[in-house]
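Report on the structure given below.
A note on names: the letters A, B, ... follow the listed sequences, proteins ahead of strands, and every chain is numbered from 1.
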2 protein chains.
Amino acid sequence: MSITIYDVAREANVSMATVSRVVNGNPNVKPTTRKKVLATIERLGYRPNAVARGLASKKTTTVGAIIPDISSIFFSELARGIEDIATMYKYNVILSNSDQKKDKEIHLIDTMLEKQVDGIVFMGGEITEEHINQFSTANVPVVLAATNDTTDTLPSVNIDYQTAAYEATSHLIRKNKQQPGFITGGEHIQANGLKYEGYVKALKDANIELDEKLVIYNDCTYNGGITAVQQLLRLSESPPSVFVATDEMAVGVIHGIQDEGLRVPEDIEVFGFNNTRVAMMVRPTLTTIVQPMYDIGAVAMRLLTKYMNKEDVDEKTVVLPHRVLERDSTK
Amino acid sequence: MSITIYDVAREANVSMATVSRVVNGNPNVKPTTRKKVLATIERLGYRPNAVARGLASKKTTTVGAIIPDISSIFFSELARGIEDIATMYKYNVILSNSDQKKDKEIHLIDTMLEKQVDGIVFMGGEITEEHINQFSTANVPVVLAATNDTTDTLPSVNIDYQTAAYEATSHLIRKNKQQPGFITGGEHIQANGLKYEGYVKALKDANIELDEKLVIYNDCTYNGGITAVQQLLRLSESPPSVFVATDEMAVGVIHGIQDEGLRVPEDIEVFGFNNTRVAMMVRPTLTTIVQPMYDIGAVAMRLLTKYMNKEDVDEKTVVLPHRVLERDSTK
DNA sequence: ATGAAAGCGCTAACAA
DNA sequence: TTGTTAGCGCTTTCAT
């Protein structure tokens, strides 16, 4: 079959151990020998078998990434951050989509542990006891990215969603002292619960009584945004502004408003969340919360490498900064 | 350390071989025995080691996917198609970004072969001799997705870019018998060469003499589109329509036109390519070529499974249908 | 239907 | 500096 370390050893008149040392850059090899071995490796076209190596060394230099949906503009940037840092540290990543389904998540964790990944970056809605149990069945580090952990046991990288939502809502209230609408996805999804809390807190601090009719739930998609805003506009007194849980949904909201013959921001202001690329691809461009998605992925992966190397980490829970980015969809 | 097949065998009073059979669903096991083994597996929390299994069986149930950029809206949908079908056939996928850099691509192929993937889905700009060589150093099947192979040796899944571009251009010419502008990325990138050929052929068939000044190259990004269209509008006689190589770029083109105080489609028509999600997130919504990205990924992966199972395939080169989707950016 | 045993290709003591 | 050798955890003949 294919060339093994044994073939190289024979051809170079050395032992397997020496070849192994050369391949792994072990300094205890005489330069002459190294050169000779390297030459025969080249000549034979030897390619180390990472599976065998993994079995012997108990390290696969592969990490798992569990992600809700790679085709989402939000998560794909996160994934890029993870990948880039993984590559930088010579890891490969096995990526799998969970669609935020708990059973899929649990199953994926299992599969990845079977594959002996050296660590896992997990992105999802929420962490439950069951997740924790599943993680604990193996001894590999796990880092959460853009995922909140109610049990607060796992290392994680996030922004402060609640404060961000608070700021967005306050920003909207500042101008016109009225309750903005809030268009969002399910509470169990992607920190939406925290956003809701921030929204409510901002209202409270501004002494505005919460009218739940102005809170509309729908899918976090473009069409979900359109549908939701239609519902909002049908209300007897529709609000002068809307805070939307994601940018893509917010773009739908803007278009839904425009399709009703209203103007953004003149008639209704719109505030998004995430600053994905679509935010500047709408007219008016979207005011939003800048969440450093790429960085969240990158920092999470970096954190994971630390755990995998058994370095000690100072911050197990990283909170990355966010900020309000004003564009043209608000006054 | 952790539970091995040996532990299970001992606890269940059977041999390793029997446990292996149970785990692998081999029918040659007495039901009683199977039950007993299953019970101890459960009790011990045994989890098969896929690395050891891979070494022994020479199959990893893992495939590699080399992709230009997972954060691109185009490729991330492709990736989702790949992932879904991979999951369906019990494969995991190692995903890596190449940024269309040839050296990265070659290196990634090498790494994946080291990891003993059972197959590779490759997405990139163009396939060169060097790629072919690298692929041939191992004995695993490779399928190209949305990637053209000038050497035409590898199985692939594509749409007919040239015809699609021909149709788009013809569509634009039909109305106003004038040469549309063509805004595109580099020729070596992502089938842009083929699109150019289709564009030129359409002009020729319409007896319009090609004016190269109307062909503008820039990055295939939103900002690239803006910059390119500014350049186009600065021409003494700017064209009545533009064909743009990708949707994201086309959205930039639309906004660039609008920012100059011109209207789409009244003053200039815009035609995109790919039908990514942004196409319906612009106003006016974008007329474009529907390219079934998810399906390209899915079909490519399905094709790969056939090769991996040594089934025989009837079409080694799959061309998926495309179509013109008229929206509001053209008259 | 079950077991014994020989690898799979490599790493990592331990010896020399 | 180099070689010997015993695993790593599993699959897969080949016996029985």
Item to check | CA sep, side-chain torsions, deciding dist, call: A:Asp84, A:Tyr294, side-chain hydrogen bond (donor to acceptor under 3.5 Å, both in side chains) | outcome: CA-CA 9 Å; A:Asp84 282 357; A:Tyr294 179 93; 2.5 Å; yes

Checklist entry - Would A:Thr305 and A:Arg302 satisfy side-chain hydrogen bond (donor to acceptor under 3.5 Å, both in side chains), going step by step from the backbone distance to the final call? => result CA-CA 5 Å; A:Thr305 64; A:Arg302 177 65 186 104; 2.6 Å; yes

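As rounded to whole Å, 13 Å separates atom C1' of D:dC10 from atom CG of B:Asp7. Taking atom CD1 of A:Ile5 as the reference point, atom P of C:dG9 lies 11 Å away to the nearest angstrom. For the pair A:Lys58 NZ and C:dG9 C1', the computed distance is 15 Å after rounding to whole Å. Protein atom CG of B:Asn26 is 10 Å distant from nucleotide atom C1' of C:dA1, rounded to whole Å. One atom, CZ of A:Arg53, and another, P of D:dG9, lie 18 Å apart when rounded to the nearest Å. Rounded to an integer number of Å, the gap from CD of A:Gln116 to P of D:dC10 is 8 Å. As a whole-Å value, the separation of A:Asn28 CG from D:dG3 C1' is 14 Å. B:Glu114 places its CD atom 13 Å from the C1' atom of C:dC10, with the value rounded to the nearest Å.
Within 4.0 Å (heavy atoms only), A:Val23 reaches no atom of the nucleic acid at all.
Distance from the side chain of B:Lys30 is smallest to C:dT2 among D:dT1, C:dA4, C:dT2. In the set D:dC8, C:dA1, D:dT2, the nucleotide with an atom closest to the side chain of A:Leu55 is D:dC8. Distance from the side chain of A:Thr4 is smallest to C:dG9 among D:dT2, C:dG9, D:dC10. Looking at the side chain of A:Met16, the nearest of the listed nucleotides C:dC10, D:dG9, D:dT1 is C:dC10. Which of C:dT11, C:dC10, D:dG9 sits closest to the side chain of A:Asn49 comes down to C:dC10. For B:Asn24, taking side-chain heavy atoms from C-beta onward, the closest of the listed nucleotides D:dG3, C:dA1, D:dT11 is D:dT11.
DNA chain C is contacted by both A:Ala56 and B:Asn13; B:Asn13 maps to the nucleotide lying nearer its 5′ end (nearest heavy atom per residue). For the pair B:Ala52 and B:Pro27, nearest-nucleotide mapping onto DNA chain C gives the more 5' position to B:Pro27.
OP1 or OP2 of C:dG3 has at least one side-chain nitrogen or oxygen of B:Thr18 nearer than 4.0 Å. Side-chain N/O atoms of B:Thr33 include one lying less than 4.0 angstrom from OP1 or OP2 on C:dT2. For the OP1/OP2 pair of C:dT11 and a distance below 4.0 Å, the side-chain nitrogens and oxygens of A:Ser20 include at least one atom meeting the criterion. Contact check, A:Ser15 against D:dT4: no side-chain N or O comes under 4.0 Å of OP1 or OP2. Within the 4.0 Å cut-off from OP1 or OP2 of D:dT4, not a single side-chain nitrogen or oxygen of A:Tyr6 is found.
Counted within 6.0 Å of NZ on B:Lys316, heavy atoms from surrounding residues, nucleotides or ligands total more than 12; the atom is thus considered enclosed. No more than 12 heavy-atom neighbours from other residues, nucleotides or ligands sit within 6.0 angstrom of CG on B:Asn139.
Side-chain polar atoms of A:Lys115 and B:Thr61 form a donor-acceptor pair below 3.5 angstrom.
Side-chain atoms of B:Arg21 and base atoms of C:dG3 include a donor and an acceptor less than 3.5 Å apart.
Between the OH atom of A:Tyr46 and the CD1 atom of A:Ile3 there is a distance of 10.0 Å, given to the nearest 0.5 Å.
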